[in-house]
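Structure first, commentary second.
We number each residue from 1, following the sequence as shown. These numbers were taken from a predicted model, which means no experiment stands behind them. Only heavy atoms go into these numbers, but all of them, side chains included; no hydrogens, no water, no symmetry mates.
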Amino acid sequence: MSDSNKDQFKRELGLLDGTMLVVGSMIGSGIFIVSSDIARQVGSAGWLTLIWIISGIITMIAAVSYGELSSMFPKAGGQYVYLREAYGKLIAFLYGWSFFAVIQTGTIAAVGVGFSKFAAYLFPPMSDENILFEIGVFKLNAAQIVSIITIIFLTFLNSRGVKKSKMMQTILTIIKILSLFGLIIFGFLLAAKAEIWNANWSDMWATKSFVKDSSSWLPISGVALISGISAAMVGSLFSSDAWVGVTFIAAEIKNPKRNVGLSLFLGTFIVTIIYVLTNLMYLAVIPFDEIATAKSDRVAVVASQYIFGDIGTYIIAIMIMISTFACNNGLIMAGARVYYTMANDGLFFKKAAKLNASSVPEWALWAQCIWASALCLTGKYGDLLDFVIIIVLIFYILTIYGIFILRKNMPNIERPYKAFGYPFLPLFYIIVASAISIALLFTKTSTCGWGVLIMLIGIPIYYISKPKE
């Protein structure tokens, strides 16, 4: 396919739209839930806060490093293109394959199920406990149907063109940011108690792990502490992920050489501030033991009950529904552009390389929709998150190392923006992310091992399906 054909995308997204796509895709349901699990793994206010700060900092380092790549290759496909330019088609294909098999579709499924979980708060028949159909070991519940319907609706909306979906994305994300700041401010004003805050911070660096069977705390150190920190980081890193989506739609962004990198920085910065403030609000409002033992990990629901009373649960449910809906809209919009670019390289179904009358890759959108809907039916979305995070980290490490490769191999290419703090910050990211990945493989071998295996299955698929040169 010729380059002239590739540029049929319409540049309709400005800096605000790009930034709202980053923020909207990053904030799903994680910040409302994950702190509970982190609290159980590390056992103190200092460590809980530090894990969110570290996740935010390394996410921002990664995002500003990607700014250099996005200014060099302002095309549809983003990270896939960067990997192809740095390493060639095999590594790029492995990313695209993992992206379609697990990363993007698994995340869309998990966020869809998150939406339906909280929709059941307002309308209980939508709950995953409402089994509609059963055959053998397979059970179909109402929550799965609701999540599939939302994925189909958002795919349809995105197939009608980028204008409608960008408008909804920007409006819902602004509502999401304002409501989260509202929750933080009301938390500090209405429900913060000095005795709870002081008690939570009294032993701020004590590391202990929560034992569910006996509902007691065990002090941890050494290997157990490293294991606890790496397990805790899964949640915070997953909650801070999906910022890369804006690079996939670079072909639809005005002045992409400037605006993609700037959207990445502004978006990850806004989210990091919101996440850290939200956790400080939790620590001002809820005794630490209650953070760790929140029912179904819904720590935000507990906070909201302290702040607003019984109506608080409904406030949070509506907030999370808006949050997950906007999050999935961003994921669905961005994901299809990767399959489109792969198809143009002859590495995905040919039909995915076509744009419809609205200048969007409609076939790629529906292929993504069908597989994400199928993953909703597995009901194993908790495991999917572990599968996803290990593969995501491996490809982030490779992409950021790609900056070093491309500076050597393409010294003369125009770089309107250069990676901030190069080479130290990109190198710092590579070391930290590698350490987390190795710790995850050791501590969560069963699920993370599967993630790596799914990625490696792509190697024979690449050689079988590769077009003859």
>> Just by distance, no angles: are the side chains of Ser165 and Asn158 close enough, under 3.5 Å, to form a donor-acceptor pair?
In response: yes
>> Enumerate the side-chain hydrogen bond (donor to acceptor under 3.5 Å, both in side chains) contacts for residues 254-268, please, sequence neighbours excluded, ordered by first and then second residue.
In response: Lys257-Glu414
Side-chain donor-acceptor distances from residues 236-245 under 3.5 Å, at least two apart:
from   : atom 1 : to     : atom 2 : distance (Å)
Ser236 : OG     : Ser55  : OG     : 2.7
Ser236 : OG     : Met233 : O      : 3.3
Ser239 : OG     : Gly235 : O      : 2.8
Ser240 : OG     : Ser236 : O      : 2.8
Asp241 : OD1    : Tyr396 : OH     : 2.4

>> According to side-chain hydrogen bond (donor to acceptor under 3.5 Å, both in side chains), who are the partners of Asn409, at least two apart in sequence or on a separate chain?
In response: none
> With under 30° as parallel and over 60° as perpendicular, where do the rings of Tyr95 and Phe99 fit, or are they tilted in between?
Replying inline: tilted
> Within the side chain of Asp297, is there an N or O that forms a donor-acceptor pair under 3.5 Å with the backbone of Ser36?
Replying inline: no
>> Could you work out, with salt bridge (charged side-chain N to carboxylate O under 4.0 Å, His left out) as the rule, every residue matching Glu134, not counting sequence neighbours?
In response: none
> What do you reckon, are the aromatic ring centroids of Phe265 and Phe420 less than 6.0 Å apart?
Replying inline: no
> Hey, does the side chain of Gln144 reach the backbone of Asn141 with a donor-acceptor pair shorter than 3.5 angstrom?
Replying inline: yes
> Can you find a side-chain donor-acceptor pair between Asp17 and Thr170 that sits under 3.5 Å?
Replying inline: yes
> Ion pair present between Lys89 and Asp345, side-chain N to carboxylate O less than 4.0 angstrom?
Replying inline: no
> Between CD1 of Ile322 and CD1 of Ile174, what distance do you get to the nearest 0.5 Å?
Replying inline: 13.0 Å
>> Atom OH of residue position Tyr87 - does it have more than 12 heavy atoms of other residues, nucleotides or ligands inside 6.0 Å?
In response: yes
>> Strictly below 4.0 Å, N to O, side chains only: are Glu362 and Lys351 in salt-bridge contact?
In response: no
> Are more than 12 heavy atoms from other residues, nucleotides or ligands located less than 6.0 Å from atom CH2 of Trp371?
Replying inline: no
>> With rounding to the nearest 0.5 angstrom, report the CH2 to CD1 distance, Trp47 to Ile51.
In response: 7.0 Å
> How are the rings of Tyr422 and Phe404 set to each other: parallel, tilted or perpendicular (split at 30° and 60°)?
Replying inline: tilted
> Taking Trp97 for the side chain and Ile459 for the main chain, is one N or O donor matched with an acceptor at less than 3.5 Å?
Replying inline: no
>> Quick one, Leu140 and Ile145 - any side-chain contact, counting heavy atoms below 4.5 Å?
In response: yes
> Where does the angle between the aromatic ring planes of Trp52 and Tyr275 fall among parallel (under 30°), tilted (30 to 60°) and perpendicular (over 60°)?
Replying inline: perpendicular
> Are Arg337 and Tyr80 in a cation-pi contact, defined as NZ or CZ under 6.0 Å from the six-membered ring centre and within 45° of the axis?
Replying inline: no
>> Run the salt bridge (charged side-chain N to carboxylate O under 4.0 Å, His left out) test against Lys75 and tell me which residues pass, sequence neighbours left out.
In response: none
> What residues form a side-chain hydrogen bond (donor to acceptor under 3.5 Å, both in side chains) with Gln368, not counting sequence neighbours?
Replying inline: Tyr339
> Under 3.5 Å, is there a donor-acceptor pair between the side chain of Gln104 and the main chain of Leu331?
Replying inline: yes
> Could you state the interatomic distance from CD1 (Ile249) to CZ (Arg11), rounded to the nearest 0.5 Å?
Replying inline: 11.0 Å
